[in-house]
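In what follows, a structure is listed as structure tokens, so that the remarks can point back to it.
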Amino acid sequence: MDETVYLNGSFLPLAQATVPVLDRGFIFGDGVYEVVPVYLGQPFRLDEHLARLAQSLEAVRIRNPLDMAGWHDVCTRLVAANAGLTDQSLYIQVTRGVAPRDQAFPQPEVSPTVLAMSMPLVTPSPELVESGVSAITALDIRWQRCNIKAISLLANVLLRQEAVDHGVAETLMLRDGYLTEGSSSNIFIVKEGVLLAPPKNQFMLPGITYDVVLELAQANSMPLKVGPVSEAQLRAADEIWLTSSTKEVLAVVALDGVTVNDGKPGPVFKRMHALYQAFKNQVMRPAR
Ligand code: PDD
């Protein structure tokens with residue numbers, strides 16, 4: 001099936017969607033993006049993703065090319081055009097546009113390049129949820145504005161490849177002795193029954209899944225603390241989880257070759273995973 005994409009106002013087959021080489025996304029990685037999971041044809045937490053997109057655009061001073069209704073329309077039409085895919089991973093990218101190469105913003109201003117496309121959403125298999133995954137740690141070599149969902153992801157690419165080179169699922173990053181996040185996920189730990197989450201700041205992406213997990217923990221009276229997580233706390237954790245729009249909630253059962261607790265997903269994870277699935281199914285149930 002030739003997938004349909006949205007590019008600068010048109011819906012067209014992926015193979016026909018091209019951008020000029022002088023696009024600042026290509027030249028400088030000068031743009032921002034979003035990844036939205038779509039279950040049964042319905043985007044999950046779309047307004048929250050669009051709000052974060054608006055924040056990223058504002059932070060890098062790119063004009064938001066569409067209003068909320070315009071984004072909704074693009075997403076709805078794109079999801080419908082790719083209805084052959086059961087669950088979708090909706091990718092949205094906005095770059096500063098096409099201009100002669102110069103680091104400074106183009107003068108006069110040019111139109112942003114807007115791309116939206118949909119890929120199959122591959123969530124973790126039941127086996128992976130049951131077994132958990134391994135991870136490694138690395139120094140957080142990224143810049144100081146990790147709260148912006150920027151397409152310039154070279155550090156994340158290198159960190160994620162480090163995980164692949166070690167045959168593990170994710171790289172957990174440490175900055176100044178504290179846990180920030182994964183190369184493409186947020187990280188939670190559990191110690192003595194208490195869920196601990198690093199606080200939102202400029203060193204991590206404010207994850208949409210992170211928010212859902214915190215909301216579910218609160219709604220279900222699970223002991224919870226949002227605060228800095230030191231490397232020592234990470235290594236002594238009873239449970240470690242990663243969260244993202246595509247991975248949902250997944251247990252990390254070994255870190256740097258050392259098993260986390262008994263090397264199996266823990267009871268708090270199991271509870272949260274069940275809550276997350278129930279919440280997802282409830283939200284995604286088609287309206288009658
Ligand atoms: N990444 N931190 C980083 C660095 C990420 O790249 C992501 C998601 C997250 C989790 O955010 P959310 O829960 O909103 O998906 C945290 C997406 C999935 C990606 O780049 O493919």
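As a basis for the values below, the full set of heavy atoms in this structure was taken, side chains included, without hydrogen atoms, waters or symmetry mates.
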Side-chain donor/acceptor of Glu181 to backbone N/O of Leu205, under 3.5 Å: yes
Flag if over 12 foreign heavy atoms under 6.0 Å of OH, Tyr178: no
Spacing of Met284 atom CE and Asn281 atom CG [to the nearest 0.5 Å]: 9.0 Å
Ile189 side chain near Glu239 side chain, heavy-atom distance below 4.5 Å: no
Donor-acceptor under 3.5 Å (Thr123 side chain, Lys247 main chain): no
CG-CD distance between Leu196 and Gln233, expressed to the nearest 0.5 angstrom: 6.0 Å
Shared hydrophobic cluster, Val249 / Leu255 (ILVMFWY, side-chain heavy atoms < 4.5 Å): yes
Under 3.5 Å donor-acceptor, Asn64 side chain and Leu57 backbone: no
Test log, rule side-chain contact (heavy atoms from CB on, under 4.5 Å), inputs Val19 and Val98: CA-CA 9 Å; Val19 290; Val98 180; 5.9 Å; no
Heavy-atom side-chain contact between Leu224 and Val194 under 4.5 Å: no
Carboxylate-amine/guanidinium proximity below 4.0 Å for Arg52 and Glu58: no
ILVMFWY cluster, Val35 and Val114 together (side-chain gap under 4.5 Å): no
Basic-acidic side-chain contact under 4.0 Å: Arg235, Asp256: yes
Separation of Ile208 CD1 from Thr243 OG1 (nearest 0.5 Å): 10.5 Å
Worked verdict on Cys146 versus Met204 for side-chain contact (heavy atoms from CB on, under 4.5 Å): CA-CA 5 Å; Cys146 301; Met204 71 168 239; 5.6 Å; no
Minimum-distance pair of heavy atoms, taken over all atoms of Gly29 and Ile151: O-CG1, 3.4 Å
Show which side-chain atoms of residues 266-278 pair as donor or acceptor with protein atoms under 3.5 Å away, not counting sequence neighbours.
residue: Arg271; atom: NH2; partner: Asn220; partner atom: O; Å: 3.4
residue: His273; atom: NE2; partner: Gln277; partner atom: NE2; Å: 3.4
residue: Gln277; atom: OE1; partner: Lys280; partner atom: NZ; Å: 3.0
residue: Gln277; atom: NE2; partner: Glu248; partner atom: OE1; Å: 2.9

Mutual orientation of the aromatic rings belonging to Phe188 and Trp241 [parallel < 30°, tilted 30-60°, perpendicular > 60°]: tilted
Smallest separation among heavy atoms of Pro124 and Thr246, with atom names: CD-O, 3.7 Å
hydrophobic_cluster_shared for Val79 and Phe44, side chain cutoff 4.5 Å: no
Joint hydrophobic cluster, Ile27 plus Val94, side-chain heavy atoms closer than 4.5 Å: no
Salt bridge flag under 4.0 Å for residues Glu109 and Arg63: yes
Donor-acceptor side-chain pairing of Ser183 and Asn156 below 3.5 angstrom: no
Audit row: Lys225, Leu195, side-chain contact (heavy atoms from CB on, under 4.5 Å) steps and yes/no: CA-CA 6 Å; Lys225 197 178 143 211; Leu195 182 59; over 6 Å; no
Gln202 CD to Arg145 CZ distance, which is reported to the nearest 0.5 Å: 9.5 Å
Test item: side-chain donor near acceptor, Ser118 and Glu3, under 3.5 Å: no
Asn261 (side chain) donor-acceptor with Gly263 (main chain) under 3.5 angstrom: no
Rounded distance [0.5 Å steps], CE in Met117 versus CG in Leu115: 5.5 Å
Step-by-step side-chain contact (heavy atoms from CB on, under 4.5 Å) determination, Gln93 to Glu34: CA-CA 7 Å; Gln93 173 176 309; Glu34 273 301 321; over 6 Å; no
Asp176 atom CG: more than 12 heavy-atom contacts under 6.0 Å: no
Common cluster, Leu46/Trp71, ILVMFWY with side-chain heavy-atom separation under 4.5 Å: yes
Distance-minimising heavy-atom pair for Pro198 and Thr180: CG-O, 3.9 Å
Sub-4.5 Å side-chain heavy-atom contact between Gln55 and Lys149: no
NZ (Lys200) with more than 12 external heavy atoms under 6.0 Å: yes
Side-chain touch Leu214/Val226, heavy atoms, less than 4.5 angstrom: yes
Heavy-atom check, side chain of Asp87 versus side chain of Pro37, under 4.5 Å: no
Within-4.5 Å side-chain heavy-atom neighbours: His72 and Leu50: yes
Any Asn186 side-chain heavy atom under 4.5 Å of Thr209 side chain: no
Nearest non-hydrogen partners of Ala169 and Val133, listed with the distance: CB-CB, 3.6 Å
Gln161 atom CD, neighbour heavy-atom count above 12 within 6.0 Å: yes
Closest non-hydrogen atom pair, Met173 against Gly182: CE-O, 3.2 Å
Side chain to side chain contact (heavy atoms under 4.5 Å, CB included) against Asp30, all qualifying residues, sequence neighbours excluded: Arg24, Phe28, Ile62, Arg96
For the student: nearest non-hydrogen atoms of Thr113 and Gly97, plus distance: OG1-CA, 3.6 Å
Side-chain touch Phe279/Val212, heavy atoms, less than 4.5 angstrom: yes
